[in-house]
Amino acid sequence: MPSADVSKKVAIKAIARSKSRQTRWSHFQHVYLGPLIAFILFLSVWQLLPLLLGMPHYIFPKPTDVWNATINSWNILWEAVRITVLESVIGFFLSAIIGISVSVLLASSKILERSIYPYAIILQTIPVVAIAPIVVIWFGSGFNSIIVISFLIGFFPVISNTLMGLNSVDKNMDELFTLYNASKWQKMWKLRIPAALPYMMAGLKVSCTLSIVGAIVGEYVAGVGGGKGGLGYAITVAAIQVNTSFLFACGIAAAILGIGFYLLVSLLSKYLLGSWHESAMKVDK
């Protein structure tokens, strides 16, 4: 092979690698650089503010204090996170399964929807702390009550969004199914449920974060779960002991759990909707 052709191929590969690096750097700038800079600035201000104001660590801990508290009490924090994750996952799955099932049932009959849906709204408007004592009396203190409270908080977004999606089917598609003599349940399974998937996933994204809130709130009012305490119990103990650094660590752990749970449901949404729905399709601009 002539040396000129070899040099040309090497030059083309070098240009391609250069363009690839430029593309990756451009993507990093547009997607990650801004949040990364904001995060570094936030930590810097947080670290300096208590020093400038002369606040002790038990009033306003620095990030380094929170990190040290996390390392020193890692076993306690990890056990609390593990229990809260278990409670949240069970509460979320109950919310998803029961919420979607009830939505399909209500959407299949206008009479059922008008009769039952208002009571779901009423249930959502009642503060959890108001019905928590009843939940404890019925299900006992501890694990079962915490799951029920987590379910109650995450239930309404699922049923509300799913029902909206089931009732928002394109009229022309509905008439087409009617033209081909499709039954009510054929319309439900082959038209209405697929069309409602984007709404359903939106409800699940809200519910997954609320289930964590519900589990933590449940531990405040219903005791500990699984024989040991989750994040709600750890937060209560840390507040009583005025261990503010560990209190911050528990709060940050709860936030990370919520973000992680949300990202998992978002991945599921992208998997289900990414090939056909605009909300999940990647659009390059």
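Keep in mind that what you see is a predicted model, and the values were worked out from it rather than measured.
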Positive for side chain to side chain contact (heavy atoms under 4.5 Å, CB included) with Tyr117, one of Leu112, Leu106, Val102
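By the side chain to side chain contact (heavy atoms under 4.5 Å, CB included) criterion, Tyr117 pairs with just one of Leu112, Leu106, Val102: Leu106.
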Which pairs would a plain distance check flag for residues 199-212, meaning a side-chain donor or acceptor within less than 3.5 Å of a matching protein atom at least two apart in sequence or in another chain?
| residue | atom | partner | partner atom | Å |
| --- | --- | --- | --- | --- |
| Ser207 | OG | Gly154 | O | 2.8 |
| Thr209 | OG1 | Val206 | O | 2.8 |
| Ser211 | OG | Cys208 | O | 2.6 |

Within a reach of under 6.0 Å around CZ of Phe93, are more than 12 heavy atoms found that belong to other residues, nucleotides or ligands?
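Incorrect, the count does not exceed 12.
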Quick check on Ile122: does its CD1 atom have over 12 non-hydrogen neighbours (other residues, nucleotides or ligands) under 6.0 Å away?
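Yes, enclosed.
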Classify the ring geometry of Phe248 against Trp46: parallel below 30°, tilted from 30° to 60°, perpendicular beyond 60°.
tilted
How are the rings of Phe155 and Phe151 set to each other: parallel, tilted or perpendicular (split at 30° and 60°)?
tilted
Using a 4.5 Å cut-off on heavy atoms from C-beta on, say whether the side chain of [Y] contacts that of [X].
| X | Y | answer |
| --- | --- | --- |
| Thr64 | Gln47 | yes |
| Phe60 | Leu53 | no |
| Val85 | Val81 | yes |
| Ser88 | Leu86 | no |
| Thr70 | Val66 | yes |
| Phe246 | Val237 | no |
| Ser245 | Asn68 | no |
| Lys110 | Asn167 | yes |

Least distance between heavy atoms, [X] atom then [Y] atom:
| X | Y | answer |
| --- | --- | --- |
| Thr244 | Pro61 | CG2-CD, 3.6 Å |
| Gln186 | Ser183 | OE1-N, 2.9 Å |
| Ala130 | Ile126 | CB-CG2, 4.2 Å |
| Ala254 | Ile216 | CB-CD1, 3.7 Å |
| Ala195 | Val169 | CB-CG2, 4.4 Å |

Nearest 0.5 angstrom please: [X] [atom1] to [Y] [atom2], how far?
| X | Y | atom1 | atom2 | result |
| --- | --- | --- | --- | --- |
| Ile146 | Tyr220 | CD1 | OH | 12.0 Å |
| Ser150 | Glu219 | OG | CD | 10.5 Å |
| Leu163 | Ile100 | CG | CD1 | 12.5 Å |
| Leu166 | Leu105 | CG | CG | 11.0 Å |
| Ser103 | Arg192 | OG | CZ | 11.0 Å |
| Ile235 | Ile240 | CD1 | CD1 | 12.0 Å |

Before you tell me yes or no, could you show the steps for Val104 and Trp185 under side-chain contact (heavy atoms from CB on, under 4.5 Å), namely the whole-Å CA-CA distance, both residues' side-chain angles and the distance that decides it to 0.1 Å?
CA-CA 10 Å; Val104 171; Trp185 288 107; 4.1 Å; yes
Under 4.5 Å between side-chain heavy atoms, hopping through other hydrophobics if needed: is there a path connecting [X] to [Y]?
| X | Y | result |
| --- | --- | --- |
| Leu94 | Ile153 | yes |
| Ile137 | Phe143 | yes |
| Leu41 | Ile252 | no |
| Leu49 | Phe42 | yes |
| Trp189 | Leu191 | no |

Please answer whether the main-chain N or O of Gly91 pairs with a side-chain N or O of Ser95 as donor and acceptor at a distance below 3.5 Å.
yes
Please check this pair: side chain of Thr84 against backbone of Ala80, looking for a donor-acceptor N/O pair closer than 3.5 Å.
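Yes, Thr84 side chain to Ala80 backbone: donor-acceptor pair under 3.5 Å.
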Please list all pairs passing the salt bridge (charged side-chain N to carboxylate O under 4.0 Å, His left out) test where one or both residues lie in residues 52-75, with sequence neighbours left out.
Lys62-Asp65
